[in-house]
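Below, chains carry the letters A, B, ... as their sequence lines are ordered, and counting in each starts from 1.
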Amino acid sequence: MPLAAKKKRNYLPLVLLVLALFPIFGSTYYNELIAKIMIMTIFAMSLDLLVGFTGLVSFGHAAFFGVAAYSVVLLSPKYDPGNLWLVLPGAILTGAAVAFVVGLFVLRTKGIYFIMVTLAFAQMIYFVFHDTPLGGGSDGAFLNVKPELRIGEKVLLDLNEPMQFYYVVLAFLVVAYVFLRVLLRSPLGHALAGIKSNEHRMLSLGFPVFLYKLAGFVTAGGLAGLAGFLSACQFGFVTPEILSWHQSGNVLLMVILGGMGTLNGAAIGAFAFVVLQEVFGALTKHWQLLMGAVIVTVVMVLPGGLSSLPRRLKGLLIGGGARNG
Amino acid sequence: MDFSTFLIQLLNALQYGLLLFLVASGLTLIFGIMGIINLAHGSFYMMGAYMAFSLTALSGNLLVAVIVGIALSALIGFLLEWGLFSRLYKRDHLDQVLLTYGLILIFEELRSLIVGDDVHGVPIPELLSASIQLSETLSYPVYRLFMSGVCILLAALMYWLIRYTRLGMMIRAGSSNREMVQALGINIDLIYRIVFGLGVTLAAFAGILAAPVSSVYPGMGNQVLIICFVVVVIGGVGSVWGALVAALLIGLTDTFGKVIAPDYAGLAVYVLMAAVLLWRPEGIFRRI
C-alpha cells in the first residue's frame with residue numbers, strides 16, 4: 001500500500017508530550033494506571049524482540065520479569081531504602097543471567113517445541129519461588145521501602161514519591177524504546193530478522209545463529225528484568241504469581257493483540273490489555289471470562305491484531321485490498 | 001525402604017504415569033495429526049474431573065458420570081473443532097496459542113460460575129473401594145490398580161484403532177497429506193473432527209478417572225497441562241510411544257522424588273526434562 005506508506009505520520013512526539021503532561025491533569029489513580037501500562041509496554045516490547053522480530057514464540061517470558069522483581073526485594077535492606085545503583089543493575093542482570101541459562105537449553109529447540117519448553121522452564125522457576133522459603137514461599141514478600149538514588153548524603157531520586165516514580169518509568173520507557181530501535185537497526189537486529197525469515201539460509205551463510213538467538217534472548221530477558229524492577233517498585237510486593245504462566249500468557253497476548261513485529265504494537269497491546277482488565281474487573285469478578293471472549297474474538301476475526309485495524313478499515317472503505325494484512 | 005514400600009511406590013508411579021499418558025496422548029495426537037497446539041487440553045482434564053464430581057453428586061453413581069461425561073466431552077470437543085479450530089488450520093501456531101489461551105480463561109471462569117471455587121472429593125465406587133494386603137502392615141487400594149488397568153486397556157485400544165482399523169488408516173493418511181486424502185473422496189473434515197473429539201474425550205476421561213483419588217480443585221487443569229508438555233517434550237512431539245515412555249519416566253521420577261527428597265520433588269521432573277533436552281533436543285522418539 002504505497003498510498004498509506006506515504007501518508008504515514010510520526011505520532012511519537014505527540015504521545016510523549018501527552019505522557020509527560022498527563023500527571024498535571026491526571027489523578028493518582030490514573031497516574032498509577034498509566035505507569036502500569038508503561039511498565040507493561042516495556043515488558044511487551046522485550047517479548048516482541050523475540051516473538052515479532054526473531055520468530056521465537058516464548059511462552060515463559062514472565063520468568064525473567066519475575067526473578068528480577070524478586071531480586072529487587074532480596075537486594076533491598078528490610079527497613080531502609082535500597083540503593084538504586086545496586087538494585088537496578090542487579091535486577092536487569094538477574095533477568096539477563098536467568099535468560100542466558102534458560103536460553104542455553106530452550107534455544108536448542110524449535111517451533112512448537114520452543115513454546116512448550118519455555119513454558120516448562122518458566123514453571124520450574126515458578127516452583128523455585130513457590131516451594132522454597134527463598135522469596136517468602138507462596139505468600140511472597142514485601143518491598144517495605146522502595147529504592148532511592150543517592151550521591152553522598154543527597155537523595156536525587158526517591159521511588160517512594162509517586163510523581164518521581166511516574167517520570168522514572170516514563171524515562172525508562174523512552175530509553176527502552178530507543179535502545180530497541182537502535183538494536184533493530186544494528187547488525188544484530190538484521191541478523192535476528194534474517195533468522196526469522198529463514199534460519200537455514202542464515203546458517204548456511206555462516207552466521208552463528210545460536211549465538212545470535214542467545215544474544216537476543218538475553219537482551220529480551222534483561223529488558224523484561226527492567227520491567228520487573230519497575231513493577232516491584234510500583235506495587236511494593238512480589239508473589240510467585242508474577243512468574244506464573246498466566247503472566248507469560250498475558251504478555252504474549254499484549255504482543256499479539258497489539259500486532260507483533262512493531263514496537264508501537266506492543267504499546268497498543270499493553271494499553272488495550274490493562275484498560276480491558278480494569279473495565280472488566282469493575283464489571284464482574286469473573287472478568288477473565290470477558291477477557292477470554294475478547295481473545296477468542298480477536299483471533300477469529302482480526303488476525304494481525306489491533307494495530308492492523310485502521311489499515312483494515314481503510315481497506316474496507318477504499319474497497320478491499322488490505323484484507324489479508 | 002523395604003520391599004513392600006518400594007512396591008507400593010512403584011505401583012503409584014505406574015498409575016500416575018499411565019494417567020499422564022492418557023492426557024498427554026490426546027495432546028500429542030491432536031498436534032501430530034492436526035498440527036494444532038492446544039493449551040486448553042488441561043482444561044478438558046479439569047472439565048472431566050468436575051463432571052465426575054457433579055454427575056456423581058447428582059446420580060450417586062460414578063458409572064453414570066463416566067458415560068454421561070464421555071458423551072458430553074465428545075460433544076464439546078466436536079463443537080469446538082467445528083466452531084473454532086477448523087478455521088485455524090492454515091494459520092500460524094501463534095493464533096492457536098492465543099485462541100486456546102482464551103479458552104483456558106473461559107473454561108476456568110465457567111467452572112467457577114457453575115460449580116464454584118471449592119475443593120471437592122469424589123467417593124470411590126463401592127465395588128472398587130477394597131484394598132489388597134501386600135504385607136502385614138501395608139495394603140494397596142484396588143481403585144488405583146483399576147485405574148492402571150483401564151489406562152493400559154485404552155492405550156491398547158488406541159494402538160489398535162490407529163494401526164489396524166480403516167478409520168486409523170485414514171487418520172494416518174490425513175496427517176501426512178490432507179489434500180491427497182480429500183482428493184480420494186474421504187471426508188477429511190469429519191476425520192479431523194473425530195480426532196479432536198477423541199483427544200478431548202481422552203483428557204476428560206482421565207479427569208473423571210483421577211477424581212476419586214486426587215481431589216477436584218480449581219487450577220488442576222493447568223498443573224496437568226504443564227506436566228503434559230514436559231511429557232511431550234521428553235517423548236517427542238507427535239509420538240504416542242514417546243508419550244508413553246516419557247509419562248512412565250515422569251511417574252517414576254515424581255513418585256520416587258517425593259520419597260527421597262520431598263522438598264525438591266516438584267523440580268525433579270524439570271531437571272529430567274533439561275537433561276533430555278541436552279541429550280536430544282527433539283525428544284526421545286521423534287514421530288508417530
Side-chain angles (χ1 to χ4, degrees), chain A residues 51-52 55 57 59 101-102 104-128 130-133 244-246 248-250 252-253 255-257 260 284-305, chain B residues 27 31 35-37 39-40 83-84 87-88 91-110 112-113 219 222-223 225-234 236-238 262-271 273-283:
Chain A
V51 179
V57 183
F59 207 118
V101 178
V102 171
L104 284 179
F105 285 90
V106 299
L107 290 170
R108 294 164 59 88
T109 66
K110 286 192 181 67
I112 194 99
Y113 247 69
F114 188 78
I115 298 174
M116 297 199 264
V117 175
T118 45
L119 178 58
F121 267 97
Q123 202 62 16
M124 170 165 143
I125 295 168
Y126 168 84
F127 278 122
V128 170
H130 190 273
D131 293 356
T132 67
S244 74
W245 76 303
H246 271 293
S248 296
N250 288 344
L252 190 60
L253 181 61
V255 171
I256 307 174
L257 198 63
M260 53 177 187
T284 161
K285 96 180 161 77
H286 298 285
W287 63 273
Q288 302 230 46
L289 186 64
L290 298 173
M291 190 64 95
V294 168
I295 299 171
V296 171
T297 314
V298 168
V299 179
M300 298 315 283
V301 303
L302 201 66
Chain B
L27 188 71
F31 180 75
I36 290 264
I37 172 156
L39 294 182
L84 299 174
R87 286 145 222 254
L88 287 194
R91 298 256 207 97
D92 206 50
H93 283 317
L94 257 180
D95 284 343
Q96 301 166 1
V97 167
L98 202 55
L99 172 72
T100 49
Y101 182 67
L103 285 180
I104 291 177
L105 300 183
I106 293 176
F107 269 92
E108 200 72 35
E109 291 296 342
L110 282 181
S112 171
L113 279 170
N222 299 338
Q223 206 173 349
L225 174 78
I226 290 158
I227 292 290
C228 279
F229 275 3
V230 178
V231 169
V232 172
V233 165
I234 290 178
V237 173
D263 291 345
Y264 300 97
L267 292 175
V269 167
Y270 296 102
V271 174
M273 177 186 75
V276 170
L277 277 178
L278 280 182
W279 170 52
R280 290 190 98 150
E282 286 176 29

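Contact annotation for Phe59(A): only side-chain heavy atoms (C-beta onward) come within less than 4.5 Å of a heavy atom of chain B. Heavy atoms closer than 4.5 Å to chain A are found in the side chain of Leu225(B), but not in its backbone. Only the side chain of Ile104(B) comes within less than 4.5 Å of a heavy atom in chain A; its backbone stays farther off. Within the 4.5 angstrom heavy-atom criterion, no atom of Val106(A) approaches chain B. Residue contact with chain A, scored on non-hydrogen atoms closer than 4.5 Å, involves the backbone and the side chain of Leu99(B) alike. With a threshold of 4.5 angstrom between heavy atoms, Leu88(B) approaches chain A through side-chain atoms but not through N, CA, C or O.
Residues Ile256(A) and Val97(B) fail the side-chain proximity criterion, which asks for heavy atoms closer than 4.5 Å. The side-chain heavy atoms of Val57(A) and His93(B), taken from C-beta on, include no pair separated by under 4.5 Å. No side-chain heavy atom of Thr109(A) sits less than 4.5 Å from a side-chain heavy atom of Val233(B). Side-chain atoms of Tyr126(A) and Ile226(B), non-hydrogen and from C-beta on, never get closer than 4.5 Å to each other.
Note that CG of Leu119(A) is 6.0 Å distant from CZ of Phe229(B), once rounded to the nearest 0.5 Å. Atoms CD1 and CD, from Ile112(A) and Gln96(B) in turn, are 6.5 Å apart once rounded to the nearest 0.5 Å. Expressed to the nearest 0.5 Å, how far NZ of Lys285(A) lies from CD of Glu109(B) amounts to 7.5 Å. The CD1 atom of Ile234(B) lies 11.5 Å from the CE atom of Met116(A); values are rounded to the nearest 0.5 Å.
With hydrogens and angles ignored, the 3.5 Å screen pairs no side-chain donor or acceptor of Tyr270(B) with any backbone N or O of Ala122(A). Between the Arg87(B) side chain and the Met300(A) main chain, no donor and acceptor come within less than 3.5 Å of each other.
Pairing each heavy atom of His246(A) with each of Leu105(B), the nearest pair is CE1-CD2, 3.7 Å. Taking all atoms of both residues into account, the shortest heavy-atom contact from Ala120(A) to Val230(B) is CB-CG2, 4.0 Å. Taking every heavy atom of both residues into account, Pro281(B) and Tyr113(A) meet most closely at O-CE2, 3.3 Å. Leu98(B) and Ile295(A) get closest at one heavy-atom pair: O-CG2, 3.3 Å. Minimum interatomic distance between Leu278(B) and Arg108(A) (heavy atoms only, all atoms of both residues): O-NH2, 2.6 Å.
For chain B, the option among Asp131(A), Thr132(A), Leu253(A), Leu104(A) with the highest count of heavy-atom pairs below 4.5 Å is Leu253(A). The most heavy-atom pairs under 4.5 Å with chain A, out of Thr100(B), Leu267(B), Asn222(B), come from Asn222(B). Ranked by non-hydrogen atom pairs under 4.5 Å with chain B, the options Met291(A), Met124(A), His130(A) are led by Met124(A). Chosen from Ile227(B), Val271(B), Asp92(B), Leu84(B), the residue pairing most often with chain A at heavy-atom distances under 4.5 Å is Leu84(B).
Partners of Thr297(A) according to the side chain to side chain contact (heavy atoms under 4.5 Å, CB included) rule, which considers only residues two or more places apart in sequence or in another chain, are Val301(A). For Arg91(B), the salt bridge (Lys or Arg N to Asp or Glu O under 4.0 Å) partners two or more places apart in sequence, or in a different chain, are Asp95(B).
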With side-chain contact (heavy atoms from CB on, under 4.5 Å) as the test, would you mind laying out the steps for Asn250(A) and Tyr101(B) before giving the verdict? CA-CA 9 Å; Asn250(A) 288 344; Tyr101(B) 182 67; 2.8 Å; yes
Val269(B) and Phe127(A): side-chain contact (heavy atoms from CB on, under 4.5 Å), yes or no, with the steps? CA-CA 11 Å; Val269(B) 167; Phe127(A) 278 122; over 6 Å; no
